[in-house]
Amino acid sequence: MERLKDSPNNQSKMSEENPVKFGKRNRNISQSSSSSGSNNLSSSANLLKDQCYSLEVPEGGFPKNESFVSEDYLSDSSEGDDDSSRGTWDNPIEFLLSCLSFAVGLGNIWRFPYLCYRNGGGAFLIPYVISLIFMGLPVFLFEMSAGQFSSEGPISIWKICPLFQGIGYGMCILSLYIGTYYNIILSWAFFYIFSSFSTSLPWASCGNWWNSEACRRVDSTNCTAHFGLMTSAGDCVLQKDVTIDVWRNITEELNQSKMPSDEFFHNFMLDISKGIHDLGAIRWELAICLLLAWVIVYFALWNGIKSFGKLVYFTSLFPYLILVILLIRAATLPGYMDGITFYLTPKWEKLLEINVWADACIQIFFSLGVTWGGMITLASYNKFENNVFRDAVIVGIGNCLTSFFAGFVIFGIIGYMAHELGVKVEDVAAQGAGLAFIAYPEAVSRMPLSPVWSILFFVMLLSLGFGTQFSTTETVVTIILDEFPHLRGKNRRWLLLGVCAFMYCAGLFMITEGGMYVLQLVDNHSATYSALILGCSEVCVMAWIYGADRFLEDMKFMLGFYPYPRFFWKWAWKVISPSIVVLILVFTWVDYDGNSYGEYDFPAWANALGWMITFSSVILIPIVAIIKICNEEGTFTARIQKLTQPTYDWGPASPQHRRLPTADCSGLGGYSGPIQGSNMTLVTNASNPNIKDIKDTNFSHLEPLNEDFEEDTSSEDDGLNMRAIREEAKLKSNSKK
């Protein structure tokens, strides 16, 4: 509205060149008014009242020397309710599936089952569900709701509290790290798929050039049943038949032995070096696979969410089809029930251990992908009225059920492998890359038609991984586009190409001979402590500075109802979720014992580098805050006060959804952000049921217009006669005197 306070000459010039037109939109108003100025003041008040209902200020304010509100703008603003320049999902199903595809990732397959068996089997589900309800869903719902309400990315969404915009920049850095190393894992999956196109899997035997003397692949089931040990030559040795020294040597030899799948992964594919100090050369086979992965990402995001929205039908649903097929196959294998029993048998005493609860909270926090910026980005492309509360609950519960279901597949296969090796299930159970690229391939190699099952498994990993990778890369692109809107349109594809190329080049360090150590370092530090700090910060800023009640009112305005139960979400945001996140942060910090991979411990300088990676995103919070304070004017207190209030353009992106409560129109309700600047729609449409009748409002205190306007000689249907209103206001003022 500051633009409306221009000089009288400028306002007069604007009126002369482009008189206000309201005819087509307010025909009923024009018919009740007369250009002769003979109407009484009440008709003018009614005219102004109706004007208050329908005036809208275009995005970016009124250009100088142009009409107050043009017919073109009025017609455009009534079409749709979203920011067309950013784009929207074609239908709500695409958004729901994209969120599910983002949240359900590799961690659901290779980490949750391991945590479940390590922390009490079925008993682990209790802290897991409690963590979802009291910590996971509140943070998840906040990010999705804020993104949909404002149609903004992770940086520009902090118009809600500009002082803490550094949280958004931290999310951007986090997404860069995650997107860079996540595609490395997908390049490994491509390598295994290409290696599986053969009559027998290359890791099915120890007769390859990359195998060492420690490689051992024999069926020791019968030997183990008689309490014997199988030598590398395939002989079963019983303890009663040999001396103590011979038995000890055989035992040490078995402890140092490696499976063929282990040596294929480390010796052939990675050609792993001795440590992070020895990066070595780039593995060009992996470089080609990594390039393929980034080419797929680029073309998947070619048209933004329009192309991505169609791919999520595959990336979100196909993994479930493969999981069902693998479950049916695993159920027919010997040892399946041993694995499932080990997976689900509850150990209730584990619930008394604090690390069990910490593992549950950490797994929920990172499985949902909060603080990565992905959920904010995906929700920002929603239609304003979408039921984001329903979607958040569905995705959160669906993510947990997927993890639980995947456990039946993974531990069924591990049970079979333990049966084949003649060992206990706990001796085979693994997590992370060890499960996906060593334990499972070893089990698959022992099945009939092993190449088929290998291809199916790694295609499933690809679909899971790409679902998360697409969203993470789109987050980075969206952040840049929101900061530099001129890059939208055709320039977007060049920006996307630049982002993909940059992240590909950064990933080359992780496909060197020592790249596995670099990946472990980035994985351990990029999205652990920093993600927890960002998560705690964003929830506290919303709940305590912007106000949890205020945000709930925004949600009611957007959804038409409060998320149920209202008091739970309020106190979960204000107290419960931040407290849990802080406890997790403290626990993981205390439990930190340096980085390691296998038997290799990272040197001190590498651990220090890891902490630099951690704080490279977190440090942006105070840095951005200091810069913003320095750029403001006034006293320090005044600067802080201004920067902790939402900006004038915080709120719904569509003019139809922005409402302005004023003293004169106190019953209008709606958006409660600060009222300043020209980028503000005055009130919502007159048909909005929330708007009260203000026909009895007294407009007599309005200051008479001082500027001279040309007489509008057009017909009644063509618009508003400002001279008539001015003359009537003067007559009323003179009569009072």
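All residue numbers refer to positions in the sequence shown, counting from 1.
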ask   = Got a sec, which residues hit side-chain contact (heavy atoms from CB on, under 4.5 Å) with Ile272, two or more places apart in sequence or on another chain?
value = His266, Leu270, Met516, Tyr517, Tyr597
query = How about Phe484 and Leu495: do any of their side-chain heavy atoms sit closer than 4.5 Å?
reply = no
query = Aromatic rings Phe95 and Trp89: how do their planes relate, parallel, tilted or perpendicular, breaks at 30° and 60°?
reply = tilted
message = Heavy-atom count check: over 12 atoms from other residues, nucleotides or ligands less than 6.0 Å from Phe509 CZ?
response = no
message = Looking at Phe502, I'd like to know if its CZ atom is crowded, meaning that more than 12 non-hydrogen atoms belonging to other residues, nucleotides or ligands lie closer than 6.0 Å.
response = no
inquiry  = Can you tell me how the ring of Trp611 sits relative to the ring of Tyr529, calling it parallel under 30°, perpendicular over 60° and tilted otherwise?
reply    = tilted
query = Asn607 side chain to Asn595 main-chain N or O, any donor-acceptor pair under 3.5 Å?
reply = yes
request  = Check whether more than 12 heavy atoms from other residues, nucleotides or ligands sit under 6.0 Å from atom CH2 of Trp605, and answer yes or no.
outcome  = yes
task = Please name the residue in the list Phe142, Trp650, Phe389 that meets the ring pair (Phe, Tyr, Trp, His ring centres under 6.0 Å) test with Phe149.
result = Trp650
request  = Would you kindly say whether Tyr177 and Ser530 are connected by a side-chain donor-acceptor distance under 3.5 Å?
outcome  = no
Nearest heavy atoms of Leu508 and Ala287, plus distance in Å = CD2-CB, 4.4 Å
query = Taking atom types as modelled and ignoring hydrogens, do the side chains of Thr315 and Ser101 form a donor-acceptor contact shorter than 3.5 angstrom?
reply = yes
query = Is there a donor-acceptor pair under 3.5 Å between the side chain of Gln148 and the backbone N or O of Asn386?
reply = yes
query = For Ile364, does its backbone N or O pair with a side-chain atom of Ser367 as donor and acceptor, under 3.5 Å?
reply = no
key: Listed partners of Lys306 passing salt bridge (Lys or Arg N to Asp or Glu O under 4.0 Å), at least two apart   = Asp90
message = Would you say that Thr371 contacts Glu143 through its side chain, given a criterion of any heavy-atom pair below 4.5 Å between the two side chains?
response = yes
Side chains of Phe190 and Ile296 in contact at under 4.5 Å (non-hydrogen atoms) = yes
query = Arg283 and Glu285: salt bridge (charged side-chain N to carboxylate O under 4.0 Å, His left out), yes or no, with the steps?
reply = CA-CA 6 Å; Arg283 297 285 295 145; Glu285 298 90 339; 3.6 Å; yes
remark   = Residue pairs meeting salt bridge (charged side-chain N to carboxylate O under 4.0 Å, His left out), one or both in residues 490-516, sequence neighbours left out, come to Glu474-Arg492
ask   = Taking atom types as modelled, is there a side-chain donor on Tyr320 or Thr402 under 3.5 Å from an acceptor on the other?
value = yes
task = Begin with the C-alpha distance, continue with both residues' side-chain angles, and end with the deciding distance and a verdict on side chain to side chain donor-acceptor pair (under 3.5 Å) for Thr478 and Tyr381.
result = CA-CA 10 Å; Thr478 298; Tyr381 294 108; 2.8 Å; yes
ask   = Can you check whether Val618 reaches Phe615 side chain to side chain, under 4.5 Å on heavy atoms?
value = yes
